[in-house]
Participant: 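Before I ask anything, let me first share the structure, which is written out below as structure tokens.
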Amino acid sequence: MDIEQFRKAGYQAIDRICDYYYSLQGRAVTSQVEPGYLRKALPALAPTSGEDFQEIADDYQKLIIPGLTHWQHPSFFAYFPTACTFEGMLGDLYASSACNPGFNWSCSPACTELEAVVMDWAAQLIGLHSTFLNTSEVGGGVMQTSASDSALTAVVAARSRYIRENPNARMEDLVLYTTTQTHSLGLKAGLVLGLACRALEVTAENSFGLRGDTLRAALEEDIAAGKKPFILIATVGTTSSGAFDYIEELGRVASDYASLWLHVDGAWAGVSMACPEFREICHLEAINRYADSFCTNFHKWGLTNFDASTLWVRDRKDLTDALDVTPEFLRTKHGDAGTVIDYRNWHLGLGRRFRSLKLWFVLRSYGVEGFQKYIRQSVQLNETFVSMIRSSPQFTLVAPPSLALTVFRLEPQTTKQPLSAELLNNLNRLFYGRISARNDILLTQTVLNGTFCIRFAIGAARTTEEHIKQAFDILSAEAELTLKHWEEPA
Ligand SMILES: *Cc1c(COP(=O)(O)O)cnc(C)c1O
């Protein structure tokens, strides 16, 4: 493809993407294909001679789009929606045109310098303390692929700091702490690094958030047994129920154990701190006081196309001490002089995508006010949904509504006698089975300390009040049908 052919194909691609977005609302949310559909449709080998690009572009429409789940569909309420924007897409397009692995400052100064600036914008947007800013030259921020990478990077840095401070500690005695509600990124980090991971219990009474006393008891027990606690991964806004660990309490406990690193995972909820009114619920003050590292994902609720996970550390030397490997061929004048950031020493890989470009586009195009407006709108939509759930005789909330997430379940008040926990779980599995068989709406299930329940997550950029009402009507109708087909045990 030459430049002029690219121009033509590019115009067509944008046209088709616009048509796709116009058509979204009328599409099913979920893909209707069967496993293996694509292998059947494609040849087993790449073509021997090159094909016409028009045919290739047409096959995207014909073969790929039917296999997409439409995450940007306004009735997508599953997982956590990924609110992408055209600004983000254009940022990605330009980044891809510069096609730059950006591992050193000198690879393309703009890549490093824009990231350093935009990470400071983002830090201030959500109210992080100035120690986390790149301008502090002590702490700093770096973009990662995902919250899992951010956490893994924090664990690697924490381990390295622990070993530096406790040179006689044996690797097999190290313990990483999470809770039973922590995203699987905690277990994954333990698995990858071969480190023990202890998931602390949380209760419904504490709204599934970890308390300081629970942490202290576990630390004391493990230290008495010769173990070496080195990091706690705490969460503000858990994936299952949007729960908040008690960061202030945890921070105070952590301060009594000098070598214990506190990583706060705010992958989903963190961006809501752009609105001052959500900072308290997200424990911003405690994060600023105690966290060694903090992560949020702009690729979830932050209007920026995947991938855009942002990680801040209180002391950048913890990252570079753990990750700086500089063979001769990577040495540069500025790197040696220490006058620039070489981001390769701030994450696990060497090369990296030019991710800051899309976040820059988004933050400039929306402005702080536009960004806040969008977050508030999602929270308001959730309030609408919650009031419908509360006034319904069929449903109950299983956990307190959290920002733009509601966890609920079917709990009919019309049964002859109160249902056992097991019967209620079975009933809700049937109910969820009916919902997930539909293709005009998508929700996901979860289990909270043994209670099977359903998550309703708002955040897709095109969702309006009308879609929330529609969703509630669908849920009510399916609840009726579930009960109609269900035989209440005598
Ligand atoms: C979604 C989520 C993650 C995982 O995010 P990735 O970027 O896909 O790794 C981690 N933690 C929480 C709380 C999440 O909601």
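No hydrogens, no waters, no symmetry mates; every other heavy atom, side chains included, goes into these values. Note that ligands are numbered from 1 as they come in the structure, with each ligand's atoms numbered from 1 the same way.
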Participant: Do the ring planes of W268 and W301 sit parallel (below 30°), tilted (30 to 60°) or perpendicular (above 60°)?
Facilitator: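 Plane angle under 30°, so parallel.
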
Participant: Using atom types as modelled and distance alone, determine if a side-chain donor or acceptor of R355 lies under 3.5 Å from a backbone N or O of M143.
Facilitator: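 Such a contact is found between R355 side chain and M143 backbone.
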
Participant: Would you call the rings of F294 and W312 parallel, tilted or perpendicular, where under 30° means parallel and over 60° means perpendicular?
Facilitator: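 Plane angle under 30°, so parallel.
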
Participant: Does a sphere of radius 6.0 Å around OH in Y94 hold more than 12 heavy atoms from other residues, nucleotides or ligands, not counting ones at 6.0 Å or beyond?
Facilitator: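 No, not enclosed.
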
Participant: For a quick check: using heavy atoms under 4.0 Å, what are the residues in contact with ligand 1, sorted by chain and number?
Facilitator: F80, S146, A147, S148, H183, L185, T235, G237, T239, D265, A267, W268, N297, H299, K300

Participant: Please assess F456 against F385 for the test ring pair (Phe, Tyr, Trp, His ring centres under 6.0 Å), listing each intermediate value before the final yes or no.
Facilitator: CA-CA 9 Å; F456 190 81; F385 182 72; 3.7 Å; yes

Participant: Is it true that, when you exclude E369 itself, more than 12 heavy atoms of the residues, nucleotides or ligands shown sit nearer than 6.0 Å to its CD?
Facilitator: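 It does not: E369 CD has 12 such atoms or fewer within range.
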
